[in-house]
Structure formats: structure tokens, C-alpha cells
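Before any comments, here is the structure.
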Amino acid sequence: MSREYETVIIGGGVIGSGIAYHLSESKSDGILVIDKNFPLSGSSGSTQAWVWVHTKTPSWYGEFSMYSSELYGYLHRKIGDIEFIRTGGICPFFSENEREHAKSLAESQAQVGIEIQVLDRDEVLAREPALSDKVLGATYSRIDGNVNPMRLVEQYMKAAKINGVTYEYYNKVTDIEKKQGSFLVTTEKGLFTCKNLVLSAGVWTHEVGKMLGLDIPVHPVRGQVMITEPLAPFMKYTLDGLRQASNGEVLIGYSREEAGFDRSTSLDFIGSTANFALALVPDLAKAKIVRSFSGLRVMPKDEFPILGPIPGIENLYIAAMHSGITLSPLAGTLISELITEGETSIPIERYSITRFA
Amino acid sequence: METEVLILGGGPSGLAAAYEVASRGHGVMIVDEAWALGGQLRQQTQIIDPIPAPFTGLRGFQLAETLVERLKEFPVEYLLKHEFIGLFADGSAGVSGGEKILRISAKCFVVATGAAESARHFPGWTLPGVMTIGAAQILINRERIYPGKTGLVVGSSDMALEITRQMHDVGINVIGVVEPTSQILAKDGKIVSSLQETGIPVLLQTEVVAVSGSGKVETVLLSSGNKPGVETDCQVDFVCIDGGRHPILEPFSIMNCPLRYEKELGGWLPSYNGKLQSTNSGIFVAGQAAGVTCQAGVVLTGAIAGINAVDYLENGTAEARESCKQVYWDELKRIESTQTPEVWQARMSHMG
Amino acid sequence: MDKSTIVCRCEEITVEDIASAVSQGAETFDDVKRLTRCGMGLCQAKTCRIVISELIAEMKAKSAADISVPRLRMPLRPVPIGVLAANTASGSFVRSTLAEAEPDEGQEK
């Protein structure tokens, strides 16, 4: 026996749950989220969770990230505390060529309204005294911050459920078919039918796409992060590469490795990242690392989000991107606009999957 | 640094494994986080029984000394006060003595990292004065510190009753052993009668409702299944928890060794075959890490793992080694299947 | 067990916190960990793994064998960053996002 929904969302991570929540704000029922595990077990739960804008380039992508970041200011009022803090973001540099690079970044991002200050050595040390005194300067933008990714996804889920959204956990989608205007979604626990289908399965979007005969160019890129014991608060800003969480832990590193779906960590990474951390913040030498983790970035072929309708199959939508934490409020808003109104409040053609055709 | 066999853990099983490897002329290095070898034997003052022939009549710490002593004629390398913290991408081990990370490449590993005690939880268990039974033994026998003056033991395994007796012997007032089930869990009749001699009562079907006190243990509230609704106050200054033991899994987890659940072996543990070899082929499992068992089982699995590591190095076995292994397996079977038949059966089923 | 009993002492997580995560649909130790932070503290679940797994099993009416072991991570003991950095090549896994940023130069992608 099949169960009918108006909209089925495959993948309940930060993007899928973000879409479920935003959609449920305007359409109170008929929404199902199917997750093959439990949300946060994939990329959304393994991240430094910056809400990050100022180095996102080209500027049109920076602008897109900025719009999403602006939505964070309201999100906690709607879904509850997600420990979002607009700390401001600092990217320190240690060579003079980088100063030139920083200046041209500031100019280029200014065109779309992203304010970046290029700080000299004294200015950056005055802002963030924990930084190494070898620093020559930094880019700084007030727009950047960070969030607790576990709270974020949990609150999206809770708010969505209050609005009537149903979740299926530990249920893997095994086949998808489109028949007479309906999607037939076969899962390990039975069949679901729906009018609208959203693919937001993160690094598994490629696998899900194959069920519809699509070749969605998304692959995993591993990122390892290591975490200190809780330290007394000493860092105010989100630094390029590390940040202190509200519980005092410092999260360090963001490797980029082609390792397929392998989520192991290694001492090679840990040692190298320890060096990186000391170069940035020498006072961390005595801080103990208590664990490391690795996550899989959702990496589209050209690294930009794949977002919007999938032409050729009516009522099929995709939302696959890295930086899903930063982009989730905007992705959620845009996909629910598409589903409810058939158009979006800002143009998203640039992010269409058709660009890969 | 380089070695042929890297042994993680210098307790009885690691030492037994090292002997089998070193005495056959292969290089071996032992890493242990403690400053002394011997592992948990170091605070065992009771005579270890049963135990294979060359070690009969020894007290725990003496067995440790003997296992260490017989390695002295071989060039075994030791890294004491060093912790195994992880693996590099090429499979070499990272070990830290507190200053830097040493990188050790080895042809194979014997992982003899032992078991940890499981906690039991009740309101107040985090108060100072609540400790595991094993921690109490370390305090008394190793550190010569009394855990308290008047205490209560929760749980009735062989280990708990043995240590309760040791507490009694050094003059600590143990007011009772409480056991939530309807029978004493200890299997060794000698240990049970040795406790009975002390007059310390074992309160069956009794549970700890809560431990309370201001900043430390002062009162334990007990409820008895025999008298529903009646709760009894006891004034104590420490409580020992016997929650059983479980194999330590962290090393296996990061070495990508598949795990399997065997209740009688202490819950989750690495899968291994009849060579005590993990599915990850360069890794041999020994001692409590291969399933919670008696000291004889710990020593014997260490020895067997050690010989199998030699076979691994030499790409095949030899008749002498095979017969030696057979002797150890026979001993292991004899002892485990009489002492703890369920452990032996679980081990057989675990090896498949 | 009393609902307010602490089960993860590092993070002060109670029986009730675990129950709340389970009621949201969490099934494994790792699921519960991500929602509550149990087992994420200094001991990295060394103290609480067994009891919390048993608690989840009980709440889900499953056996302990059905509750998979959480991911256990390096370093296996807390190690100071200075110690991890000593003796390690400084070749970096980490590239700065500033270095990776490509300011517009007339050409649109």
C-alpha cells in the first residue's frame, strides 16, 4: 500500500530539513522527509559550521551567500535557539602579496555589498589579540559568523514537525519512478507517492539521481576537523581555519581531500593541522585535542550550488551544495517558493543543473 | 622507529605475546601508558588460580614480575609511559610520551589493550567517593590509600567479592555487598566462601536507589525486592561499583577492525578468526581485548596471538609452533570450559 | 531510573536528555550524541558508552547488540597541540580560504 504526500524530500540534513521547514511555513501538510539514516549522520553533523560569506567568490556567489547569511538574523526567532553568532570573520595573511590579493577581494566584493576591511597588522591584533604576532594583516568582515549545526538541524526538524511535516528515518530510497504525474518513491519500508519531489541527499544525490536516469555531478570531498578540550573564552572572531565554540571548544581545520566516501581521520592530518593552528594562534600549544572527525563535503563539479527545478521531469527539484550550513535558509526559502509559487524572489538560473548539459 | 611486531599494552597478554615472538628471534616492541609493565596484575595480591603450569602458586603481581623477567634475555624494546594515540595514513602507529609523536612502523600489531570497567548509574553516582571496584583495588594495593572507612559494594562478580575480601583484610568496614539479581554472580566457589568467612552480608535483590551527601558520599539509600516500598538508609563514606568489564574498543575502531557483539565476552569486541587475527589481517587480538575472561585466558590468548604473529611474519607456520599453539589452546579450553563455559562457547562462536 | 540521573558526566547529560533524543527518532549512540552531546566530552564516551547504549536499547525495546558502537576517534588520548605539532612536517592540509578566493576580474563564470 502506498502512502501519498504532496511533497517528498529525500535527505533530511541541513538542506533537506531547511527546505522541509520553509515549505511547511506556507503549506502545512503533505510533506515527507525520508532519510537513510538519522539527520546529522552525514555532512551536516561534521562541519565547523561557519556561516561564511566574505571570501566566497566570484562576487555573484558571495552575494548569494550574503543573502542567506542575512536570513540567519531571523531564523532563531522562528525555529528557536541555534547558537548563531555573527562573530565577524577574519582571514589573516602572512605575506605582502596576500595584502594585494586581499585588497582586490575587498574591491570585488564591494560591488555586491559585501563590506570587507583590509586590516593592517596592528588593527588585526587589536581585534583578535590571540593571533600570532607574525601576522601582517587580515581581511575582516562583520557579516560572517557561525552556528551550532546540531542545534540548527534539530530545530529545523522540530519546527517542521510542529508544522505537520512527517519524517521517515533509517529508511533508504531504493527506486524512483514517475507515472501519470506522480512520483513513486520505493523505500526499504514501503512505497510513497507524491506530486513534488526534492533531491537533497547531499553526497548521495548522485546515487539518488541515477534512480531517475540522471547523472547529477556531485561527489564527496573529505574535510577533517579537530577539536580541543573546552578552553576559557579567548577568541572572539571566526578565523579562517578555526573558531571557538560557545562551549569553549576550538574547532580547527578544514582539509580538502579526494577520498571517496572514506570518513577516517589520520595522524598526518592531525599533525599538519596542529602546525597550522600554532602558526595562527600560538597560545593553543598547550590546548589538548580531544578528538578529530571528518565529514564529506557535497561537491558539485564546478563547486557551485545545484539548485532549482530539473528540466524534463515536471515537479522535480534539486538542492545540492557545499556550504550547506551557510546556504540552508536561502536554499530552503527558494525551493519552497518554487514549489508554492512556481518562481523565486531572486534569480537562480545560474545555479540550474542545465549548466552541466 | 621500526619493529616487526608492535604490541599495544604491556599487561599479561602483551607480555605473553612478546615472549612468544622474541623467543623465536623476531623483533618486538611493547608500548604501555603506565610507567611499569604488568597491567592490571600489578594490584592483584591474590594467588592467580587457575593458571597454566609454569605460573602456578604466584600472586598477581608476582605473575607480572615473572612475565617481565623471562623477557629479559631477549632484545625486547619498551616504550613505557607512552600512549598509543592513532594511526598515520600509511598504517604506522603514532605514540606519544608527552613531548612529541613517535611514528612506529611495524609488520604487524598485537593489540592487548585490555578491558575497562563499566559503570552503573544511579542518582548521585558522580559524587566523590563513588568509584569502580577496580579503582578501589588500585588505591589499596598499588597506592596504599584507603578508599574510605566504611563502604558498600554494588555487584557480586568474582572480581567484586575478591576485592571486597581484600578491603576487609586491610581493615576497611564493608557493610555489605548488594546484588540486584536473585543470586550471587561470582562463579568461583572459593572466592564466595572466602567472602562468607568475613561475615560481610550479600544482600540479594537489592538496588541502590540513590547516593547522597554534601560534596561527598554520606548516605546510600537501598531498596529491597523482598520488601517493596521499604527503603533503607546506610551511612557510608564510599561506594564501589562492579558493573562488569568490557573490551576497550578505541584501538580497533581506528584500525578499521569490524566489531561484533558477544554478550558473554563483554559485549562489543573485534571480530577475529581462529588465529586471533582481525579481519584487518595484520592485527592480532589478545587478552581481555579478545573477550573478558580469567587471568589464565588473558595469558594464553596473548601467547597464542604471539605465535600467530610469528606465523604472519614468516608467511606460514611450522610444526613446532603448531604444536605449541595446540598446547595453549588445550589449556585455554580446559580452563575456560570448566571455569566459565559460557565464555568458552562464546569465544568459539565468535571465531566462527 | 530517576529521570534526572546523569549518564554522561563530562557533558552532564541526563536520562531525560537521552529519552528526548530517542523520542525524536534517534536510534544509535551516535544519533543521540549529536543531539545531546553525550560522549563528546573529555572522556570521549569511555565512561558512558555502555550505559547509554543500554539505555537506548531499553527505550527502543531492542537488545544491546542492536545498538552499534559510536565512532571512536583519534587521538585516543587528549594530546596538546604543541605535542602533535612537534616532529610533524608542516606541509599543510589546510589552505586558507583567502588564498582560494578569486576576486572578479571582468570575466564572469
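Chain letters run A, B, ... following the sequence lines, proteins first, then strands; residues in each count from 1.
- Proximity to chain C (any heavy atom under 4.5 Å) is shown, for A:K56, by neither the backbone nor the side chain.
- Of the listed residues (A:P230, A:A138, A:A274), the one with the most heavy-atom contacts under 4.5 Å to chain C is A:A274.
- No donor-acceptor distance shorter than 3.5 angstrom exists from the side chain of C:D104 to the backbone of A:S108, with no hydrogens or angles considered.
- For A:L280, no part lies near chain C; criterion is any non-hydrogen pair under 4.5 Å.
- To the nearest 0.5 Å, the span separating CD on A:E249 from CG on C:L42 amounts to 10.0 Å.
- The part of A:S264 that comes within reach of chain C is its backbone (N, CA, C, O), which places non-hydrogen atoms under 4.5 angstrom from that chain.
- For a residue to count as touching a neighbouring chain, one of its non-hydrogen atoms must lie under 4.5 Å from one of that chain's; by this rule A:Q109 does not touch chain C.
- Chain A forms the most heavy-atom pairs under 4.5 Å with one residue out of C:D30, C:L35, C:L76, C:L72, and that residue is C:L35.
- For the pair A:K158 (side chain) and C:Q24 (backbone), a donor-acceptor distance under 3.5 Å is absent.
- Residue A:K36 places its NZ atom among more than 12 non-hydrogen atoms of other residues, nucleotides or ligands, all under 6.0 Å distant.
- A distance of 6.5 Å separates CD1 in A:I270 from CG in C:L84, rounded to the nearest 0.5 Å.
- A distance-only check finds a donor-acceptor pair linking the side chain of A:S292 to the backbone of C:M74 [under 3.5 Å].
- No side-chain heavy atom of A:M150 sits under 4.5 Å from any side-chain heavy atom of C:R37.
- Dense packing is recorded around NZ of A:K161, with more than 12 heavy atoms of other residues, nucleotides or ligands lying under 6.0 Å away.
- Between C:D31 atom CG and A:Y170 atom OH the span is 3.0 Å, to the nearest 0.5 Å.
- For A:F293, the parts lying under 4.5 angstrom from a heavy atom of chain C are both the backbone and the side chain.
- The distance from the CG atom of A:N247 to the CD atom of C:E11 is 6.5 Å, given to the nearest 0.5 Å.
- For the set A:P39, A:P92, A:C91, A:A106, the count of heavy-atom pairs under 4.5 angstrom toward chain C peaks at A:C91.
- Atom NZ of A:K134 has 12 or fewer heavy atoms from other residues, nucleotides or ligands within 6.0 Å.
- Residue contact with chain C, scored on non-hydrogen atoms closer than 4.5 Å, is absent for A:R355.
- Only the backbone of C:R77 comes within contact range of chain A, with at least one heavy atom under 4.5 Å from a heavy atom of that chain.
- Counting heavy-atom pairs closer than 4.5 Å to chain C, the top residue among A:P282, A:A277, A:S104, A:G62 is A:S104.
- Scanning both residues, C:P80 and A:A285, for their nearest heavy atoms gives CB-O, 3.6 Å.
- Atom NE2 of A:H101 is separated from atom CD of C:E102 by 8.0 Å, given to the nearest 0.5 angstrom.
- Separation of atoms CE (A:M226) and CZ (C:R73) is listed at 14.5 Å; rounding is to 0.5 Å.
- Chain C forms the most heavy-atom pairs under 4.5 Å with one residue out of A:H54, A:Q111, A:E154, and that residue is A:E154.
- If you measure heavy-atom distances from A:N37 to chain C, you find no contacts under 4.5 Å at all.
- In the displayed structure, C:K60 atom NZ is contacted under 6.0 Å by more than 12 heavy atoms of other residues, nucleotides or ligands.
- C:K62 NZ: more than 12 foreign heavy atoms inside a 6.0 Å radius.
- None of A:I289, A:N275, A:T273 except one satisfies the side chain to side chain contact (heavy atoms under 4.5 Å, CB included) rule with C:I81; the exception is A:I289.
- Taking each heavy atom of C:A85 and A:L278 in turn, the nearest pair found is CB-CD1, 3.6 Å.
- Heavy atoms only, all atoms of each residue included: A:D240 and C:T97 are closest at OD2-N, 2.9 Å.
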